[in-house]
Amino acid sequence: MNLYHLRYFMVLAEMQHFRKASEKLCITQPSLSHAISQLESELGVTLFDRQSRSSLLTKEGRQFLDYVQKSLSILDDGVSVMHRAAKGEGVIKLGFLRTLGTSFIPEVVSSFLKTRPDKAIHFEFHSGVTSTLLDGLKQDKYDVVFCTKIDQEAEIEYLPVEKQDLVLIVPRNHPLANQHSVDLSETLPYPQVYFSKSSGLRSIIDKLFDKIEGKPIIAHEIEEDEVVAGLVSKGFGIAVVPYMEQLLRLNVKIIQISSPAWERNFHMATLKNKYQSPVVQDFCEFVSKNYPE
């Protein structure tokens, strides 16, 4: 059994006449008869009633036709998807930090789609923290991830694409709340809501304190930016966090860090030496060209 035989069978079922079907298929009538006979021999049933001038489907032929139509339809859909993929169309599974979801990611995706209005491209959006996103990238849940950089991930390619300032946030009744800027050493006497080790920010903020040769008093460890900020607003401590618009809606004082100078860098992360579909390659090239940091 092969695809040609199945397609011959479908055309003959439609035309109900060997000569007309062979003409439509552009093959000889004996070739069509031989193909149908082979198919019937393999299935062990008669598919067509040849006793009349027309070639009508038998009961088994009608049953088999239903399966053939469904199977070839699925196959044709698959071929169509592959053809679209070869043309730079298809689905891009995108993972990103929540803080990038309010502005950066919508801007990048919108700009990319606007430059390709004739392409059928669909994005799947997934937000999370850096460690979870990178795990998803390695497990093929995502094609591309936007996150902070974790140096130990040797199999991942990082491209810096965006940066974000780090600031100090304190409750509005805190002793530091009347200051517009602070040296990081001024935070050492106070309990802090700190990022947990699973967060990509942990190593960045650790390096800040290493610069001043100081150890923060860690009262609570949390993985997500928004939760850290929420705890600070309720008086659980102070925190060094990336600046984000959500801070303006919380009951916290945002204070610039005058020293040491630092910023948070976001990266586009992809797996090294992994095949990428044409549409994913196209997207990555677009980002590297238009959003290099």
Side-chain angles (χ1 to χ4, degrees), residues 95-105 127-136 145-153 158 160 162-267 269 293:
F96 54 89
L97 293 171
R98 291 183 180 90
T99 189
L100 293 174
T102 57
S103 178
F104 180 76
I105 293 299
S127 63
V129 297
T130 292
S131 58
T132 303
L133 292 171
L134 293 178
D135 285 343
V145 159
F146 290 88
C147 60
T148 50
K149 183 178 181 180
I150 295 181
D151 293 328
Q152 295 84 352
E153 297 287 356
Y158 292 100
E162 175 74 323
K163 63 184 178 182
Q164 188 177 44
D165 291 331
L166 293 176
V167 296
L168 178 72
I169 56 172
V170 302
R172 290 194 177 276
N173 61 353
H174 193 273
L176 294 176
N178 62 346
Q179 298 184 209
H180 295 292
S181 65
V182 295
D183 186 292
L184 193 62
S185 60
E186 295 179 69
T187 70
L188 293 176
Y190 306 104
Q192 302 203 20
V193 182
Y194 214 70
F195 284 94
S196 61
K197 293 179 181 179
S198 59
S199 169
L201 274 170
R202 176 62 178 253
S203 62
I204 293 173
I205 297 176
D206 281 346
K207 289 175 183 177
L208 271 180
F209 282 98
D210 288 343
K211 280 191 171 185
I212 64 170
E213 299 180 350
K215 293 290 184 182
I217 301 172
I218 300 176
H220 306 280
E221 294 187 44
I222 306 296
E223 192 174 45
E224 299 183 16
D225 310 35
E226 294 91 341
V227 180
V228 170
L231 289 174
V232 172
S233 72
K234 297 301 181 182
F236 285 85
I238 65 175
V240 176
V241 298
Y243 177 78
M244 46 190 169
E245 290 184 5
Q246 294 95 313
L247 297 178
L248 300 174
R249 297 190 288 271
L250 295 174
N251 189 32
V252 298
K253 174 67 182 297
I254 303 170
I255 305 172
Q256 299 298 316
I257 300 173
S258 58
S259 179
W262 201 267
E263 62 188 16
R264 181 190 192 187
N265 290 306
F266 297 114
H267 295 75
E293 185 53 50

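The figures that follow rest on heavy atoms only: side chains count, while hydrogens, waters and symmetry mates do not.
Checked against side-chain hydrogen bond (donor to acceptor under 3.5 Å, both in side chains), Ser199 has no partners two or more places apart in sequence or in another chain. Residues meeting the side-chain hydrogen bond (donor to acceptor under 3.5 Å, both in side chains) test with Ser198, sequence neighbours left out: Ser196, Glu223. Judged as a side-chain contact (heavy atoms from CB on, under 4.5 Å), and not counting sequence neighbours, Ser103 has no contacts. In this structure Phe146 satisfies the ring pair (Phe, Tyr, Trp, His ring centres under 6.0 Å) test together with Phe104, sequence neighbours excluded. Asp135 is linked by a salt bridge (Lys or Arg N to Asp or Glu O under 4.0 Å) to Lys138, counting only residues two or more places apart in sequence or in another chain. Listed by chain and number, the residues in a ring pair (Phe, Tyr, Trp, His ring centres under 6.0 Å) with Tyr243 amount to none (sequence neighbours excluded). Taking Ser203 as the reference, nothing meets the side-chain contact (heavy atoms from CB on, under 4.5 Å) condition, with sequence neighbours excluded. Applying the side-chain contact (heavy atoms from CB on, under 4.5 Å) test to Pro175 and every residue at least two apart in sequence or in another chain returns Tyr190.
For the atom pair Thr102 OG1 and Leu100 CG, the distance stands at 7.5 Å (nearest 0.5 Å). Rounding to the nearest 0.5 Å gives a distance of 8.0 Å between CE of Met244 and CG of Leu250. Taking NZ of Lys149 as the reference point, atom CG of Leu134 lies at 12.0 Å (rounded to 0.5 Å). Here the CD1 atom belonging to Ile205 is positioned 12.0 Å from the CG atom belonging to Asp210, to the nearest 0.5 angstrom.
Residues Leu166 and Val241 have side chains not in contact (no heavy-atom distance under 4.5 Å, counting atoms from C-beta outward). Contact of the Gln192 side chain with the Ile217 side chain is not registered, since no non-hydrogen atoms from C-beta on lie closer than 4.5 Å. Residues Gln164 and Phe266 meet the side-chain proximity criterion, which asks for heavy atoms closer than 4.5 Å. The shortest distance between side-chain heavy atoms of Ile238 and Pro191 does not fall below 4.5 Å. Two residues are said to be in side-chain contact when any heavy atoms from C-beta on lie closer than 4.5 Å; Ile255 and Ile169 fail this criterion.
In terms of heavy-atom proximity, Pro242 sits nearest to Leu247 at O-CD1, 3.9 Å. Heavy-atom minimum distance, Ala239 versus Val232: CB-CG2, 3.6 Å. Smallest separation of non-hydrogen atoms from Gly235 and Pro171: CA-CG, 3.9 Å. Between Thr99 and Glu226, the shortest heavy-atom contact is N-OE2, 4.4 Å. When all heavy atoms of Leu133 and Leu97 are compared, the pair lying nearest together is CD1-N, 3.7 Å. The two residues Thr148 and Leu201 have their closest heavy-atom pair at OG1-N, 4.2 Å.
Sorted pairs that involve residues 234-261 and meet salt bridge (Lys or Arg N to Asp or Glu O under 4.0 Å), not counting sequence neighbours, are lacking altogether. Residues in residues 164-192 take part in no salt bridge (Lys or Arg N to Asp or Glu O under 4.0 Å) pair, two or more places apart or across chains. Screening residues 187-209 for salt bridge (Lys or Arg N to Asp or Glu O under 4.0 Å), with sequence neighbours left out, gives Asp151-Lys207, Arg202-Asp206, Arg202-Glu221. Applying the ring-ring contact (aromatic ring centres under 6.0 Å, His included) test to residues at least two apart or on different chains, the pairs with a partner in residues 220-240 are His220-Phe236.
Within the 3.5 Å criterion, the main-chain N or O of Val182 finds a donor-acceptor partner in the side chain of Ser258. Using modelled atom types, no side-chain atom of His267 and backbone atom of Ala269 make a donor-acceptor pair closer than 3.5 Å.
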Verdict with reasoning, Val145 to Phe96, per side chain to side chain contact (heavy atoms under 4.5 Å, CB included): CA-CA 5 Å; Val145 159; Phe96 54 89; over 6 Å; no
Ile222/Tyr194 under side chain to side chain contact (heavy atoms under 4.5 Å, CB included): CA gap, chis, key distance, verdict: CA-CA 6 Å; Ile222 306 296; Tyr194 214 70; over 6 Å; no
Trace of the side chain to side chain contact (heavy atoms under 4.5 Å, CB included) decision for Leu184 with Val240: CA-CA 9 Å; Leu184 193 62; Val240 176; 3.9 Å; yes
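A salt bridge links Arg98 with Glu224: at least one charged nitrogen is closer than 4.0 Å to a carboxylate oxygen.
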